[in-house]
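Written out below as structure tokens is the structure these notes cover.
For ligands, and for the atoms within them, numbers begin at 1 and follow the listed sequence. Just so it is clear, the values below take in all heavy atoms, side chains as well, and ignore hydrogens, waters and symmetry mates.
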Amino acid sequence: MSTPRTRLEERLRAVAQERYHDRHPFNVRMHAGELTPAELRRWILNRFHYQRHIPVKDALITAKLDTSRLRRMWLRRIQDHDGATDGEGGIERWLRLGEAAGLDRDRLLSGAEVVPGVRLAVDGYVNFCRLRDPLEAVAASLTELSAPGIMLTRIDAFERYYPWIEREGLVYFRNRVDQGRRDSTEALDLVLTWARSPADEDRAVAALAFKCDVLWSLLDAVDHADTKDGPGTGIDDGPGTDLKDGPGTDLKDGPGEAT
Ligand SMILES: O=C(O)c1cc(C(=O)O)c2c(n1)C(=O)C(=O)c1cc(C(=O)O)[nH]c1-2
């Protein structure tokens, strides 16, 4: 017999499936091997802006949790991304993905070439987690229910269609398969436990739909970045492009930019 808990789980899984960004035209082209090197580099560079803000939003969520058990659980996510020390963690692995694709890490770290729509999408997600209650902030992370699948698809596509990217660069995606499974299992259990009323259930579903929109908008911005003049349009010629030190570097992310 279906209970409120199983009904909510079904609703959440349906949103995570139907509105996930694996259906976005840019991801469809990526997975079909149709992206040019310039497009793939542009994605890696812009997605780094998302990656580096994930631990920031997880710190905002951690501050809302009221038991040691829950805070420990969320601190582990921060450590997954930041590592226990320099040279470790998901952010470092994403920088190595960039290097494997011919992007100097300083170009990613400067943030100068991130397109405006990506900044807005990431800001939207961080601020959502800053302002909403734990139920909504944790529910927003449930896109990760679909993330392990897209990681496996991506590893396969990169190996098959983009051999110019060095294999070691794919370690980020390999690690995220298990991390995503564990994170989404934990987060789903919390959301199903915390949602006590139909209104709570609706808020959780809406939070997840919002997060799907964040990921979709991010890809829209990356997809359309070469149709206009402006920052982010010069990511085509690998290392050494003079955009690195060009105008716009003052847009780079400084400490505390997103908090
Ligand atoms: O490449 C992707 O498609 C993808 C999607 C998602 C997601 O579904 O939110 C995340 C990630 N990657 C990812 O690497 C990651 O660390 C991550 C953390 C979170 C989150 O909301 O806490 N989502 C995701």
How far is atom 16 (O) of ligand 1 from its nearest protein heavy atom, and which residue and atom is that?
H81 CE1, 2.9 Å
Checking Q51 against R47: is there a side-chain donor and acceptor pair closer than 3.5 Å?
yes
Taking atom types as modelled and ignoring hydrogens, do the side chains of Q179 and R176 form a donor-acceptor contact shorter than 3.5 angstrom?
yes
Any N or O of S141 closer than 3.5 Å to N or O of ligand 1:
no
Pair H24, D220: side-chain N/O donor-acceptor within cut-off below 3.5 Å
yes
Sub-4.0 Å heavy-atom approach of R47 to ligand 1:
yes
Option of least heavy-atom distance to atom 19 (C) of ligand 1 (set: K57, H24, E144, H21)
E144
Atom 5 (C) of ligand 1: the protein heavy-atom neighbour that sits closest, reported with distance to 0.1 Å:
Y20 OH, 3.2 Å
Logged contact type for W94 with ligand 1, heavy-atom cut-off 4.0 Å, is neither
Just by distance, with hydrogens left out, do S2 and R7 show a side-chain donor and acceptor under 3.5 Å apart?
yes
Please state which part of R154 comes within less than 4.0 Å of ligand 1, counting heavy atoms only: side chain, backbone, both or neither.
side chain
Near Q51 (heavy-atom distance under 4.0 Å), the atoms of ligand 1 are 14 (O), 16 (O)
From the options Y125, Y172, F173, select the one whose nearest heavy atom is closest to atom 21 (O) of ligand 1.
Y125
Under a 3.5 Å distance rule, please check whether R154 uses its side chain to pair with a backbone N or O of H31 as donor and acceptor.
no
Which label fits W94 and Y172: parallel for a plane angle under 30°, tilted from 30 to 60°, or perpendicular past 60°?
perpendicular
If you take the centroid of each ring, where Trp contributes its six-membered ring, are F173 and F158 closer together than 6.0 Å?
yes
Quick one: does ligand 1 sit under 4.0 Å from the side chain of L215, the backbone, both or neither, non-hydrogen atoms only?
side chain
Relative to the heavy atoms of K211, which atoms of ligand 1 are at a distance of less than 4.0 Å?
9 (O), 20 (C), 21 (O), 23 (N)
If you have a sec, work out which protein heavy atom is nearest atom 24 (C) of ligand 1 and how many Å separate them, to one decimal?
Y50 OH, 3.5 Å
Quick look: T143 vs ligand 1, heavy-atom contacts under 4.0 Å, and the answer is both
Pair R29 + E39: basic N to acidic O under 4.0 Å
yes
When clusters are formed by joining ILVMFWY residues with side-chain heavy atoms under 4.5 Å apart, either directly or through shared neighbours, do V15 and F210 land in the same one?
no
